[in-house]
Protein chains: 2
Amino acid sequence: MLNQSLRTPATTHAPIDPSSCSPAEQFFATTGHAGLIASEFTYKKEEEIYGEDEPSEYVYQVVSGAVRSYKLLSDGRRQIGAFYLPGDVFGLESGATHRLTAEAIVDTTVRLIKRRSLEQAAATDVNIARGLWSMTAGELRHAEDHMLLLGRKNAMERVANFLLEMDRRLAVAGMMALPMCRRDIGDYLGLTLETVSRALSQLQSKGILGFSGARQIELRNRAQLRNLDA
Amino acid sequence: MLNQSLRTPATTHAPIDPSSCSPAEQFFATTGHAGLIASEFTYKKEEEIYGEDEPSEYVYQVVSGAVRSYKLLSDGRRQIGAFYLPGDVFGLESGATHRLTAEAIVDTTVRLIKRRSLEQAAATDVNIARGLWSMTAGELRHAEDHMLLLGRKNAMERVANFLLEMDRRLAVAGMMALPMCRRDIGDYLGLTLETVSRALSQLQSKGILGFSGARQIELRNRAQLRNLDA
DNA sequence: CGACGGATTGATCGTGCTCAAATCATGTGG
DNA sequence: CCACATGATTTGAGCACGATCAATCCGTCG
């Protein structure tokens, strides 16, 4: 088990708090009990972690940093399916290959477990098997919500939804330090970066949020934001 | 165990062919070996099978007919996440409740298994547990592909993709008998019914497809259709 | 300090939506 | 069996939202 030095750039986030225990976050804890070895690894900003259709060899948990997971069309159009933040598990596949590409958005440290050893553990330990299933089900829930957003919500509703999601997942003391650029946000929300920027400016002018740097955002009126999110 | 008479309207499809065995289709076969009892039930056209946030009590397999699964916004905007056709399994949840509503599009017969008995079987039989996980993973794969469609494809690409998907899933002798109306297709593709209709007309005028009734479609040039689907 | 990438803002354009009307298909009752 | 009613589909005209193209502005890092 490697113990990496946490080089922490401005956009990187604090390591996982063991006291916050969502199903996904508890997962790697559970695997510990099952005698599974988790090692750590660090990816540079913009580095690919795995590619679409590559064999799935590992399951990952973000320790610090942030990851984007996306699909590309042949002409370069990109749809980001999910962002993974400290504590999140990603790269778990039931089939043999990854179906999206994963990249580090900023310098990112992950804990990782061999997929093979997980499969073996699941074959004997029903709790592990249940954990794998519910983790995939959690990703499906997110995808189902996101289909509604992409298919039926307008630009402001999408951006409001994004802000509330990020607030929930990475707010510290009422502030968010977004690790991703406007283009990433656009590619997550099915919008252009300009439309994202305009929506954010509009929210600022209404006093619903405040900036201290383009990626440091403070939500000043979550209730109003929830109204804007259909 | 109810044994319903199959009243088969024009838009309904033939019952499941036991020789075609996708993972999902094999599933109910597998559960048979595990001593699980599957009963049958028939829903009328437009009838709700389960609602969003209702407790998940059963898992379903379409025997004949067709089902739409969707989410609604408060103002009535609807996003259909998936259509389920003969052989397809739906309503499987890892959590306690359904996250989408399911409705019969036409008169539909389903086979069903108590969720509780499935959970019990999964607790002892690793193969069952594996089956549950891979079924949810299959739904996730579809949702990931659909997010790319909803977020980044234009109207013609979406419609071309839809036609190829339906062709693959329900074509008989080169013909498709679509069970759903244009509004359903629109709500699946994140478009209006008018835009769907215009795209289909355009494909007809190019000779890529032929109609015999608005819902009876013959694909005349699948290669060209694949080109149109980004 | 200068250079570079990221973000904002503006002007214009175009795809798909909205509103509306006509046409077609389906099923029902006389 | 036909006439009609009803809902589904098609088609048209105009509009609006978000995309595109372009020009600053800003922040960060060498």
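Rounded to an integer number of Å, the gap from CZ of A/Arg183 to C1' of D/dG18 is 15 Å. Per the geometry, CG belonging to A/Asp184 stands 13 Å off C1' belonging to C/dA7, to the nearest Å. Between the CG atom of B/Leu200 and the P atom of C/dG16 there is a distance of 14 Å, given to the nearest Å. For the pair A/Asn154 CG and D/dC17 C1', the computed distance is 9 Å after rounding to whole Å. Distance CZ (B/Arg77) to P (D/dC17): 13 Å, rounded to an integer number of Å. When the C1' atom of C/dT23 is taken as reference, atom CZ of B/Phe211 falls 15 Å away, rounded to whole Å. Atom pair B/Arg158:CZ and C/dT15:P shows a separation of 14 Å (rounding to whole Å applied). Between A/Gln202 atom CD and C/dT8 atom C1' the separation is 14 Å, expressed in whole Å.
Contacts of residues 185-195 of chain B with DNA chain C (heavy atom under 4.0 Å): B/Gly190, B/Leu191, B/Thr192, B/Glu194, B/Thr195.
Relative orientation of the A/Tyr188 and A/Phe83 rings is tilted, given thresholds of 30° and 60° on the angle between their planes.
For residues 58-77 of chain B, the salt bridge (charged side-chain N to carboxylate O under 4.0 Å, His left out) pairs, not counting sequence neighbours, are A/Asp145-B/Lys71, A/Glu157-B/Arg77, B/Glu46-B/Arg68, B/Glu52-B/Lys71, B/Arg68-B/Glu103, B/Arg68-B/Asp184, B/Asp75-B/Arg77.
The nearest heavy atom of DNA chain D to A/Gly213 and to A/Lys153 marks one nucleotide each, and the one closer to the 5' end goes with A/Lys153. Checking A/Ser197 against A/Arg152, the closest nucleotide of DNA chain C that is more toward the 5' end is the one next to A/Ser197.
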*Step by step, would you call B/Tyr43 with B/Val67 a side chain to side chain contact (heavy atoms under 4.5 Å, CB included)?*
CA-CA 10 Å; B/Tyr43 295 91; B/Val67 173; over 6 Å; no
*Under the side chain to side chain contact (heavy atoms under 4.5 Å, CB included) rule, what do B/Leu163 and B/Met176 come out as? Steps first, then yes or no, please.*
CA-CA 9 Å; B/Leu163 289 169; B/Met176 282 185 279; 3.9 Å; yes
*Would A/Tyr60 and A/Tyr50 count as a ring-ring contact (aromatic ring centres under 6.0 Å, His included) if you check the C-alpha gap in whole Å, the side-chain angles of each, and the deciding distance to 0.1 Å?*
CA-CA 11 Å; A/Tyr60 306 79; A/Tyr50 53 76; 5.7 Å; yes
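Looking at the side chain of A/Arg215, the nearest of the listed nucleotides D/dA13, D/dT9, C/dG6 is C/dG6. Taking only side-chain atoms of A/Arg198, from C-beta outward, the nucleotide of D/dG12, D/dT9, C/dG10 with the closest atom is C/dG10. With distances taken from any side-chain atom of B/Ser201 to the nucleotides C/dA7, D/dT11, D/dT9, the minimum falls on D/dT11. In the set D/dA8, D/dA13, C/dT9, D/dA8 carries the atom at the smallest distance from any side-chain atom of B/Cys181.
With values rounded to the nearest 0.5 angstrom, A/Thr109 atom OG1 is found 10.0 Å from A/Phe41 atom CZ.
For the pair B/Arg115 and B/Glu93, the salt-bridge criterion is not met [side-chain N within less than 4.0 Å of a carboxylate O].
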